[in-house]
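Below you'll find the structure, written out as structure tokens, and then a few comments.
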There are 2 protein chains.
Amino acid sequence: MTSGNRADRIEHGGPRLLWQQVADDITADIDSGVLSSGWRLPSEADLTEVYGVARVTVRRAIAELVKAGRLVVVRGRGTFVV
Amino acid sequence: MTSGNRADRIEHGGPRLLWQQVADDITADIDSGVLSSGWRLPSEADLTEVYGVARVTVRRAIAELVKAGRLVVVRGRGTFVV
DNA sequence: CCCGATTTGTGCGTATGTATC
DNA sequence: AGATACATACGCACAAATCGG
């Protein structure tokens, strides 16, 4: 299928940092409507598998999008699209 | 306001080592009362962004202050002012 | 009310690559 | 050539909040 694995979109060792690539991909999903306002993102553990990166990398990407006002994180519940 | 960027206080490539500068800054906050006894410091990840340095550098600074008896680290909970 | 599963928060140890001395 | 310092990234364990049975 054309919608290949998201892990394939991440270039390990590429010019751009891993967490930036993940943040870009999530941002694209929000902007394109794949992720709608109020929706809950997959858990950090799931995103770890989806993107093939470490949890710390996922968290770094999420932290950036929180600062950008695109996401909100609630401990014990999850991460949500603003 | 005093909440200016702490990263600006860190001189990359300066005469003093990065971890020493971070340790000095945290020590100053403790001595000045900005950080009171029992308070929890920002997480290592947060300090990483606050000071604009790597986590290993933050940990080096914290380790020094632990040896000096100014901080106590509790795994899974955080770092606290003695 | 308690208990367990889920999820985020935090710290621990390590590996690899780069830059500098 | 070797040592030191730093940045990025990986995996793991434990703590704490939330929710459901």
Side-chain angles (χ1 to χ4, degrees), chain A residues 5-26 29-30 35 38-82, chain B residues 5-26 29-30 35 38-82:
Chain A
N5 288 334
R6 288 176 189 277
D8 295 340
R9 303 182 199 169
I10 306 300
E11 285 186 72
H12 289 255
R16 234 160 128 63
L17 299 181
L18 285 181
W19 67 264
Q20 289 177 330
Q21 298 178 49
V22 173
D24 288 347
D25 198 72
I26 295 176
D29 282 345
I30 296 175
L35 291 175
W39 282 39
R40 211 208 79 186
L41 265 64
S43 69
E44 294 177 356
D46 286 343
L47 290 175
T48 277
E49 293 193 23
V50 166
Y51 288 109
V53 299
R55 186 179 167 214
V56 61
T57 304
V58 169
R59 286 176 58 79
R60 182 82 169 81
I62 291 177
E64 209 67 16
L65 297 182
V66 167
K67 272 198 297 186
R70 312 298 308 261
L71 297 178
V72 168
V73 181
V74 183
R75 183 176 190 178
R77 299 215 347 219
T79 302
F80 303 84
V81 179
V82 173
Chain B
N5 276 342
R6 287 176 194 278
D8 295 341
R9 305 183 199 169
I10 306 301
E11 285 186 72
H12 288 255
R16 265 175 92 65
L17 268 15
L18 284 182
W19 67 265
Q20 289 175 330
Q21 297 178 49
V22 173
D24 288 346
D25 197 71
I26 295 175
D29 281 343
I30 297 176
L35 291 174
W39 283 41
R40 192 180 69 79
L41 264 64
S43 69
E44 294 179 353
D46 285 344
L47 291 174
T48 277
E49 290 199 25
V50 167
Y51 287 109
V53 299
R55 181 171 154 250
V56 287
T57 305
V58 169
R59 283 174 57 76
R60 182 80 190 273
I62 291 176
E64 210 68 16
L65 297 182
V66 168
K67 272 198 298 187
R70 312 299 307 263
L71 298 178
V72 168
V73 180
V74 183
R75 181 174 190 174
R77 295 216 301 143
T79 303
F80 303 84
V81 179
V82 173

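One finds no side-chain N or O of B:Thr57 lying less than 4.0 angstrom from the OP1 or OP2 phosphate oxygen of D:dA5. Listed pair A:Arg59 / C:dG9 meets the phosphate criterion, a side-chain N or O lying under 4.0 Å from OP1 or OP2. Within the 4.0 Å cut-off from OP1 or OP2 of C:dG11, at least one side-chain nitrogen or oxygen of B:Thr79 is found.
Looking at every heavy atom in both residues, A:Ala61 comes nearest to A:Ala23 through CB-N, 3.7 Å. Contact between A:Leu71 and A:Val81 at its shortest, heavy atoms only, is CD2-CA, 3.9 Å. A:Glu11 and A:Leu18 get closest at one heavy-atom pair: O-CD2, 3.8 Å. When all heavy atoms are compared, the tightest approach of A:Asp29 to A:Arg6 is OD2-NH1, 2.9 Å. Nearest heavy atoms, A:Arg60 versus B:Glu49: NH1-OE2, 3.5 Å.
Distance CG (B:Leu18) to P (D:dT4): 17 Å, rounded to an integer number of Å. Straight-line distance from the CG atom of B:Leu17 to the C1' atom of D:dA3: 13 Å, rounded to whole Å. Across the protein-nucleic acid pair, A:Leu41 atom CG and C:dT6 atom P stand 19 Å apart, rounded to whole Å. The distance from atom NE2 of B:His12 to atom C1' of D:dC6 is 10 Å, rounded to the nearest whole Å. Following rounding to the nearest Å, B:Ile10 (CD1) and D:dC6 (C1') show an atom-to-atom distance of 14 Å. The interatomic distance linking A:Gln20 (CD) with D:dA7 (C1') rounds to 13 Å, in whole Å. Atom CD in A:Gln21 sits roughly 14 Å away from atom P in D:dT8 (whole-Å rounding).
For the atom pair B:Arg40 CZ and B:Thr79 OG1, the distance stands at 8.0 Å (nearest 0.5 Å). Taking CD of A:Glu64 as the start and CD of A:Gln20 as the end, the distance is 8.0 Å to the nearest 0.5 Å. Note that CZ of B:Arg70 is 5.0 Å distant from CD1 of B:Ile30, once rounded to the nearest 0.5 Å. Annotation: the span from B:Arg55 atom CZ to B:Leu47 atom CG amounts to 11.5 Å, rounded to 0.5 Å. Rounding to the nearest 0.5 Å places CD1 of A:Ile10 at 8.5 Å from CG of A:Asp24.
Of the residues in residues 43-54 of chain A, those lying under 4.0 Å from DNA chain C by heavy-atom distance are A:Ser43, A:Glu44.
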Q. How does each nucleotide of nucleotides 13-21 of chain D score, in 5' to 3' order, for protein heavy atoms under 4.0 Å: base (B), sugar-phosphate only (S), or none (-)?
A. BBBBBSS--

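Using a distance-only test at 3.5 Å, with no hydrogens or angles considered, a donor-acceptor pair links the side chain of A:Gln21 to the main chain of A:Arg16.
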Between the protein and nucleotides 15-19 of chain C, which nitrogen or oxygen pairs are less than 3.5 angstrom apart?
none

